[in-house]
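Worksheet: one structure, shown below.
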Amino acid sequence: MTPVLVVNSGSSSFKYQLIDMDAEHVLASGLVERIGEPVGRSSHTVFAAPAEPGVPMATFTDATSERELPIPDHTAGFAVMLEAFAAHGPSLDAARPVAVGHRVVHGGARFFEPTLITPLVEINIDELSVLAPLHNPANLAGIRAARKAFPDVPHVAVFDTAFHQTLEPAAYTYAIDAELAAAHRIRRYGFHGTSHKYVSEAAAAFLGRDLASLRQIVFHLGNGASVTAIAGGRSIDTSMGLTPLEGLVMGTRSGDLDPAVLLQLSRRAGMSTDDLDDLLNKRSGLLGLAGSNDLRDIRAAIERGEERALLAFEVYVHRLRAYAGAYLAQLGGADVISFTAGVGENAPRVRAEALATLGFAGVEVDAERNEASARGIRIISTDASAVTVLVVPTDEEVEIARQSLQVARS
Ligand code: ADP
């Protein structure tokens with residue numbers, strides 16, 4: 001057994017998974033939340049062994065246990081997690097992690113690969129909080145608490161931005177005053193890198209094709225959404241920029257807009273910087289247009305004949321098409337287009353509409369394959385389609401665990 005613990009820490013919560021990397025099987029997962037509130041909450045789920053062929057599913061019992069208690073800070077949160085492992089298993093004596101992998105949102109221009117965490121690396125992550133004030137301090141709180149809980153184990157930082165460090169200057173430079181941009185490190189960084197890397201590699205492996213030979217477009221469509229153009233396994237363009245706000249229409253984020261919209265709202269509506277931040281990150285996208293950030297609600301509202309829901313869906317799809325076209329141009333055509341995350345994996349209508357006009361580029365989605373309620377990685381293009389279209393369930397935790405194990409072993 002080769003257990004790796006993966007930690008994804010937010011400001012008032014963290015998620016964890018213990019994965020046996022011999023089989024890439026999740027042994028346990030959990031969530032510690034409401035840290036710092038009067039009453040915190042934890043839940044811990046233990047997974048039974050993966051199904052052997054022919055063994056009925058009923059014999060596998062996944063057990064979840066929950067607790068409510070004050071959890072003043074992340075260090076207390078890790079103590080609660082250790083108690084859950086001790087009480088409900090698996091025993092961390094038997095399944096002692098050989099590495100702890102941490103998701104870190106912003107690696108700036110400094111971190112382009114998974115990195116063994118040292119006190120100096122912690123300082124660098126902290127310093128990058130200027131670029132990600134909501135995320136990096138929260139990630140760091142998780143790292144510091146986890147290092148106290150597991151002092152003798154290598155801890156590894158895996159950055160959301162790292163996969164996009166292959167972008168050329170032409171792709172990452174904003175056309176603004178160059179000195180000002182350099183002084184404030186304003187450029188495009190890109191996000192969801194762990195997912196884009198995982199999906200593009202899984203697609204190549206599934207098709208039995210050499211990653212180095214493939215031109216790929218990956219649509220990661222969750223609550224946050226981004227699309228990446230990948231040539232030979234390297235990110236050459238991606239829709240998110242300085243922050244995860246740029247690009248596609250998302251659940252609550254606007255994605256691309258004319259920057260003058262901000263100036264207009266500031267001058268005309270008297271909105272402050274914080275108001276605008278809140279508007280664009282939390283009250284825009286599908287939510288701003290149609291009152292819900294969940295595409296299932298939007299679909300239901302369209303069925304009921306709500307016009308604003310239909311418009312929201314059309315705006316969402318229009319943006320997807322624009323990026324599909326742009327990235328076909330950047331790549332000089334595509335071999336594989338993949339869809340992943342909540343919307344990408346579960347919304348056939350979005351997939352079909354996003355690619356509907358791309359027949360000229362050799363993209364032909366098969367309606368029946370696209371709509372089949374299947375799970376797992378699968379082809380949804382026709383046999384005649386020059387471009388293979390896939391649905392690829394993403395697994396950022398496994399990717400973080402893989403990269404962390406690699407660093408821990410080197
Ligand atoms: P996050 O970015 O928070 O990780 P997910 O990748 O889990 O998000 O995606 C969540 C979103 O996926 C939901 O807000 C919803 O819009 C969408 N979604 C989930 N299931 C379905 C479904 N069956 N049909 C359409 N959309 C879905």
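First listed ligand is number 1; within each ligand, the first listed atom is number 1.
- Considering each of Ile298, Leu221, Asn223, the one bringing a non-hydrogen atom nearest atom 10 (C) of ligand 1 is Asn223.
- Phe191 approaches Gly241 most closely through the heavy-atom pair CE1-O, 3.3 Å.
- Among protein heavy atoms, atom 22 (C) of ligand 1 sits closest to Asn346 CB, 3.3 Å.
- Close approach of ligand 1 to Ala341 is summarised as follows: ligand atoms under 4.0 Å from at least one heavy atom of the residue are 6 (O).
- In terms of polar-atom proximity, Gly342 is counted as a contact of ligand 1, with an N or O under 3.5 Å from an N or O of the ligand.
- Taking a cut-off of under 4.0 Å to the non-hydrogen atoms of Leu295, the atoms of ligand 1 that pass are 15 (C), 16 (O), 26 (N).
- Between the side chain of His192 and the main chain of Thr228, no donor-acceptor pair closer than 3.5 Å is present.
- Checking atom 4 (O) of ligand 1 against the protein gives no heavy-atom contact under 4.0 Å.
- Cation-pi geometry between Arg187 and Tyr189 is met: under 6.0 angstrom from the ring centre, within 45 degrees of the axis.
- Scanning all protein heavy atoms for the shortest distance to atom 25 (C) of ligand 1 gives Arg296 CG, 3.6 Å.
- No donor-acceptor pair closer than 3.5 Å links the side chain of Asp126 to the backbone N or O of Glu122.
- Within the 4.0 Å heavy-atom shell around ligand 1 one finds Gly224.
- The environment of Glu127 atom CD is dense: over 12 non-hydrogen atoms of other residues, nucleotides or ligands sit within 6.0 angstrom.
- A pairwise comparison of heavy atoms in Glu368 and Asp366 identifies N-OD1, 3.0 Å as the closest pair.
- With hydrogens left out, the protein atom closest to atom 13 (C) of ligand 1 is Asp294 OD2, 3.9 Å, a heavy atom.
- Under a cut-off of 6.0 angstrom, the local environment of CZ in Arg144 is crowded, with over 12 non-hydrogen atoms contributed by other residues, nucleotides or ligands.
- Close contacts of ligand 1 with Val343, meaning ligand atoms under 4.0 Å from a residue heavy atom, involve 12 (O), 16 (O), 17 (C).
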